[in-house]
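Below is one structure, written out as structure tokens, with a few remarks after it.
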Amino acid sequence: MTAIADIPIFPLRTVLYPDGQLPLRIFEQRYVDMTKACISSDGAFGVCLILDGSEAGVPAVPHRVGCSARIAQWEVPSPGLFNLVARGESVFRIHQRRTMPDGLIRAEVEYEPAAAPTALPEAYCGLAQILEEVIRQVGAQVFSTPLRLDDAAWVCHRLAEVLPLPLAARQHLLETRDPEAKTELVAEMLRTIARQEPDASGD
């Protein structure tokens with residue numbers, strides 16, 4: 001059964017994936033109030049890549065597909081300021097959105113059913129090895145636990161978080177539902193990055 005919810009939307013210049021970690025510094029009053037409400041109720045908010053506009057000031061136009069987030073850690077270094085770490089949960093599609101008097105966007109969203117864990121195709125097992133090396137270099141604390149190197153979608157999302165990808169490519173990956181299609185997309189992204197790197201030999 002499809003899940004429908006009404007949640008606040010946070011348009012940002014980033015793409016959040018399920019199980020991703022998102023550090024946030026909250027200071028605008030509309031988002032301070034949203035943060036307090038989410039902490040009080042352990043409620044979710046939606047993170048959407050900005051389609052038009054900016055993160056601060058006039059409410060931006062969000063992409064219709066985003067990812068819900070829940071606050072995992074928070075601190076108040078000074079009054080009216082929150083430092084958060086939010087964790088991505090579920091991909092959703094906006095059906096209707098409205099702007100509240102304080103400038104906060106709320107939307108009726110439909111959550112996509114979570115895909116069953118799917119092993120990486122044999123031809124793409126190297127993606128898990130690449131991610132393992134990244135984890136060794138940057139530290140496992142950068143990633144939400146448990147690590148799921150045997151899950152194609154999880155591996156693809158974590159690689160997308162650390163690769164130098166255009167935001168449009170990150171959004172396209174979020175909107176791609178099939179784990180095998182995600183795998184092919186990330187593999188092609190890696191090939192593109194490799195082609196763009198200068199030849200180490202200097203030729």
Side-chain angles (χ1 to χ4, degrees), residues 3 5-94 96-109 111 131 134-148 154 157-171 173-174:
D6 187 278
I7 59 174
I9 301 295
F10 200 165
L12 292 169
R13 293 285 181 192
T14 192
V15 175
L16 178 64
Y17 297 104
D19 296 313
Q21 293 194 97
L22 179 64
L24 291 169
R25 187 175 176 85
I26 307 294
F27 56 89
E28 279 197 89
Q29 190 59 49
R30 55 184 160 173
Y31 297 124
V32 168
D33 293 341
M34 179 195 79
T35 297
K36 290 178 179 177
C38 287
I39 291 172
S40 175
S41 64
D42 191 28
F45 62 95
V47 174
C48 293
L49 177 64
I50 290 174
L51 183 62
D52 184 45
S54 59
E55 291 186 346
V58 177
V61 177
H63 274 267
R64 289 188 63 196
V65 176
C67 182
S68 64
R70 204 171 298 271
I71 296 170
Q73 302 172 34
W74 59 276
E75 63 176 6
V76 184
S78 61
L81 177 65
F82 279 89
N83 290 333
L84 311 177
V85 176
R87 178 168 178 159
E89 292 191 334
S90 302
V91 178
F92 63 78
R93 180 175 297 274
I94 292 176
Q96 293 182 333
R97 60 182 169 85
R98 61 198 186 279
T99 302
M100 310 305 289
D102 63 357
L104 182 70
I105 297 172
R106 292 195 66 92
E108 180 184 281
V109 304
Y111 287 110
L131 181 57
V134 170
I135 292 171
R136 278 195 292 269
Q137 290 183 11
V138 304
Q141 71 278 2
V142 175
F143 303 92
S144 296
T145 54
L147 303 181
R148 301 208 304 270
W154 192 91
H157 290 160
R158 304 294 78 80
L159 283 172
E161 290 167 352
V162 298
L163 290 172
L165 301 176
L167 287 173
R170 296 175 189 270
Q171 180 68 22
L173 184 69
L174 179 70

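By convention here, the first residue in the shown sequence is residue 1. The shown structure was predicted, so the numbers you read here are calculated from the model rather than taken from an experiment. We use all heavy atoms of the structure for the numbers below, so side chains are in, but hydrogens, waters and symmetry mates are not.
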Apply side chain to side chain donor-acceptor pair (under 3.5 Å) to Asp102 and list each qualifying residue two or more places apart in sequence or on a separate chain.
-> none

For [X] against [Y], the heavy-atom pair lying closest together:
X	Y	value
Ile71	Leu84	CD1-CD1, 4.1 Å
Pro8	Arg106	CD-NH1, 3.7 Å
Pro59	Arg30	CG-NH1, 3.6 Å
Ile94	Cys48	CD1-SG, 4.0 Å
Ala56	Ser54	O-OG, 3.0 Å

Residue pair [X] / [Y], side-chain heavy-atom distance below 4.5 Å:
X	Y	answer
Leu12	Leu22	yes
Ile39	Phe82	yes
Arg97	Val61	yes
Ser78	Phe27	no
Asp33	Leu104	no
Ile7	Phe92	yes
Leu147	Trp154	yes
Cys67	Pro18	yes

Arg136, CZ atom: more than 12 neighbouring heavy atoms under 6.0 Å = yes

Nearest 0.5 Å, please: how far is [atom2] in [Y] from [atom1] in [X]?
X	Y	atom1	atom2	result
Arg13	Leu49	CZ	CG	7.0 Å
Leu163	Leu173	CG	CG	10.0 Å
Leu24	Leu16	CG	CG	9.0 Å
Leu167	Leu51	CG	CG	12.0 Å
Ile135	Gln141	CD1	CD	10.5 Å
Met34	Ile9	CE	CD1	9.5 Å

List the steps and the verdict of side chain to side chain contact (heavy atoms under 4.5 Å, CB included) for Arg70 and Arg87.
-> CA-CA 5 Å; Arg70 204 171 298 271; Arg87 178 168 178 159; 5.7 Å; no

[X] side-chain N/O to [Y] backbone N/O, donor-acceptor pair under 3.5 Å:
X	Y	result
Ser40	Lys36	no
Gln21	Val142	yes
Ser90	Ser68	no
Gln171	Val65	yes
Arg170	Ala160	yes

Fit a plane to each ring of Phe10 and Phe45, take the angle between them on a 0 to 90° scale, and name the class: parallel (under 30°), tilted (30 to 60°) or perpendicular (over 60°).
-> tilted

Partner set under ring pair (Phe, Tyr, Trp, His ring centres under 6.0 Å) for Tyr17, not counting sequence neighbours | His157

Please report the C-alpha distance between Arg158 and Asp19 in whole Å, then the side-chain angles of each, then the deciding distance to 0.1 Å, and finally whether the side chain to side chain contact (heavy atoms under 4.5 Å, CB included) criterion is met.
-> CA-CA 9 Å; Arg158 304 294 78 80; Asp19 296 313; 3.6 Å; yes

